[in-house]
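Accompanying notes for the structure given below.
It should be emphasised that the depicted structure is a prediction, and the values quoted were computed from it without experimental measurement.
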Amino acid sequence: MVVKTRAAQLPGLAEARAATLNPGDCTITMLNRIILCCCACMWLSACSSSSNRSDSASVAAEPVTVDPSSEQAQTASMPEPEVEYGSFTKAQLYQAIISELGAQRGVLEDAGDSYFNLALETKDLGIIRRAVQFASANNDLNALLQLGLLWSEIDPSDPQPELMLSFQFLETGNYEQALSHMARVIELGGEIDFSALSARTGQLDAPARARLIANLRQLAREFSDQHSIQLTLVQLLAQNGDYREALAEFEQLLELIDPNPRLVLLQAQILQSAGDADDALETLAEGVREFDDNRNLRLTYARLLIQNERYQLAQAQFAAMMAQDPQDWETLFSMALLDVELEQFDQASDKFTQLTEVDPRADEANYYLGYVNEQRNNLPLAIAAYREVRIGTQNFLAAQQQATRLAIQLGDLDPAHDHLSQLSRGQPRLEILFHTIESGALIQAGHPDRARELLDRALNKYPNETDLLFARVLLFDSLGDKAGSEQDLKQIIRMQPEDSRALNHLGYMLADQTDRYQEALELIERAIAISPDDPAIIDSLGWAQFKLGRYEEALTNLRRAYAVFPDAEVASHVGEVLWMMGREQEAVEVWRGALENQPDSDLIKEVVDRLQADL
């Protein structure tokens, strides 16, 4: 049996049809009357109490509403259709009502699936539009794509489904299909911003982007009044690295439209990418003069000035932004960092002090305030600032490490220890970490006995804690106690056979400080199997191979480590292997290169002196 229906009479179906009797029916069942009455009451109730409903209930109770500027709005927000009459079976009508009632309870996925099936079954535009709303709310991209294709097939003159398909193909990465539907929107008299395409093609390979560029050129000729097509063409050319061509297209575009901040930013970006930093800066400078109140433009100009190491000019732009908004803390923070870069520590201190009073920036400001006071050689103020950095924030551990190091450097060993103890009370993991930080600072400051006492006491409390054992290994290393280091490292390996750090440390120590080369190699090979890309372990492997006389293998691994981690110690190893292979000139070149980066490297000087090389 088929029921005739008028669209506006069924509450909860924005564009679906409501129930009136077929002329062949003499009466409507009591069940249907009750359902319709309940549905109407629920619809009115939902509208009157929308402020108290969940988001999902709101979506279910009325057509989906979104930001009109968003892409979703262009697919989900449809104009009210004219009242039409359609035919549905009782089963279809019943399914629609049940779906709306389920949606009222927040079961949006089931309602969306039901409406999707109804749309495919009935091919009714009102049902399709309602299905689109549920698919949008559920972020069901597959359903949106199929519904869009169905909608465009049924009503090929409506630009809305073409618009929806454009964005669905964009989301799935089918850019050529998206572009085809975008062009169809224009043909049907709709509006669309083609820059939605360029926003997604940054990672596209060059041949695929080149095909899009060819299609855009054709569209630009067909729709010369659609400036967003030409703008998108400029952006894709720039993405493809065709900067000069992009700039040529850009100049043509400027003859058609007035400049605006967005265009200024795009031109400057292309010029910078093309290597024309001065022209990019001049473009932004002119843009800032013309659009004085555009903060994004001025901020981009300031950042580009910093990138090109024109710090004073950047400060002037930040100062102008602060004059416009004295509570722009992000800009004030940037100014303070620039002061640090310019070594204007007094000005930086003033700004960071101001920022410490602003809670969202207080911890970062205190961290940098500690650094600034350290540079001013005011260590007590530096310690105080570092200790103000709160637990749980990004720089907390680094700040406590710096405060501990400086306090021990000043001879305040007990206050440093007491501060860390107070911070970590009741937090075993933090306490262990602080013990490693404190012991490292004590070793660095020349207090090995105090460090040994601290670590022994900590290991009595936390026996076999690997981080503490490793901290004691570093202490033994500093004292030249190979037996102590080996004992603790073997204990770590017994407890954690997969600890590549301990395996590598013991293996390198044996290769470098004993003649137990084969044993060293076996330990390092175990470590490299666990962490195959760690340059420190690769260096150890090469060094052990060198000690065993396997020079070619050693050189291969040491060069590999040096390529990833160009450290002076690795350079000393590479050079020594080359020297022993009779390739003295290559060795000298490696050592010279290392000294350019680290002129005071004792490791390079030691190997050069030992081998009596002439640099």
Side-chain angles (χ1 to χ4, degrees), residues 13-16 56 59-60 63-79 81 92 95-96 99 102-103 107-205 208-209 211-212 215-216 219 228-229 232:
L13 289 174
E15 284 84 17
S56 62
V59 171
V64 177
T65 59
V66 294
D67 182 351
S69 65
S70 70
E71 294 175 10
Q72 191 181 18
Q74 299 183 63
T75 62
S77 298
M78 273 71 74
Q92 291 168 344
Q95 186 61 49
S99 298
V107 190
L108 293 185
E109 289 190 11
D110 289 347
D113 290 342
S114 295
Y115 264 108
F116 175 74
N117 293 329
L118 279 173
L120 297 182
E121 183 179 341
T122 66
K123 294 182 171 56
D124 180 84
L125 283 176
I127 295 293
I128 291 171
R129 292 187 183 105
R130 186 60 167 159
V132 165
Q133 292 175 333
F134 277 108
S136 296
N138 291 327
N139 196 30
D140 188 341
L141 300 184
N142 180 59
L144 284 170
L145 186 60
Q146 294 189 60
L147 290 167
L149 291 169
L150 178 61
W151 187 354
S152 65
E153 177 187 342
I154 294 171
D155 189 358
S157 64
D158 189 346
Q160 287 291 331
E162 303 296 338
L163 185 66
M164 184 172 77
L165 286 168
S166 300
F167 289 119
Q168 297 318 306
F169 281 121
L170 285 175
E171 289 299 321
T172 57
N174 295 317
Y175 300 122
E176 291 187 61
Q177 288 179 285
L179 191 58
S180 173
H181 287 283
M182 294 168 87
R184 183 63 179 154
V185 172
I186 302 299
E187 290 175 355
L188 294 173
E191 294 183 1
I192 188 169
D193 185 351
F194 278 74
S195 63
L197 176 65
S198 59
R200 292 166 170 80
T201 54
Q203 302 302 317
L204 201 62
D205 61 84
R209 196 183 292 113
R211 291 194 297 271
L212 290 177
N215 291 334
L216 282 168
L219 290 177
S228 75
I229 296 177
T232 304

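Under the 4.5 Å side-chain criterion, counting only non-hydrogen atoms from C-beta, V132 is in contact with L144. In this structure the side chain of L125 reaches within 4.5 angstrom of the side chain of R129, judged on heavy atoms. A 4.5 Å side-chain heavy-atom check between Q146 and N142 finds at least one atom pair inside the cut-off.
The structure places CD1 of I128 at 4.0 Å from CG of L150, a figure rounded to the nearest 0.5 Å. For the atom pair L219 CG and I186 CD1, the distance stands at 9.0 Å (nearest 0.5 Å). Considering CG of D113 and CG of L118, their distance stands at 11.0 Å, rounded to 0.5 Å. Separating the CD atom in Q92 from the CG atom in N117 is a distance of 11.5 Å, to the nearest 0.5 Å. How far CZ of R209 is from OH of Y175: 9.5 Å, rounded to the nearest 0.5 Å. Once rounded to the nearest 0.5 Å, the distance linking CG of L141 with CD of E171 reads 6.5 Å.
Under the rule for a side chain to side chain contact (heavy atoms under 4.5 Å, CB included), A199 has no partner lying at least two apart in sequence or in another chain. Annotation: salt bridge (Lys or Arg N to Asp or Glu O under 4.0 Å) contacts of E187 (sequence neighbours excluded): R184.
Within 6.0 Å of CD on E109 lie no more than 12 heavy atoms contributed by other residues, nucleotides or ligands.
Not one N or O on the side chain of N215 forms a donor-acceptor pair closer than 3.5 Å with the backbone of E176. When atom types are taken as modelled, the side chain of S228 and the backbone of F194 share a donor-acceptor pair closer than 3.5 angstrom.
Among all heavy-atom pairs drawn from L188 and D158, the shortest one is CD1-O, 3.7 Å. Of all heavy-atom pairs between L216 and I229, the closest is O-CG2, 3.7 Å. Residues A208 and D205 share a closest heavy-atom pair of N-OD1, 3.0 Å. The shortest heavy-atom contact between A135 and A143 is CB-CB, 4.0 Å. The two residues S99 and S114 make their nearest non-hydrogen contact at OG-CB, 3.0 Å. The minimum heavy-atom distance linking P159 with V185 is given by the pair O-CG2, 3.9 Å.
Under the side chain to side chain contact (heavy atoms under 4.5 Å, CB included) rule, L165 has a single partner from Q177, H181, Q160, which is H181.
In this model, a donor atom of one side chain and an acceptor atom of the other lie less than 3.5 Å apart for S157 and D155.
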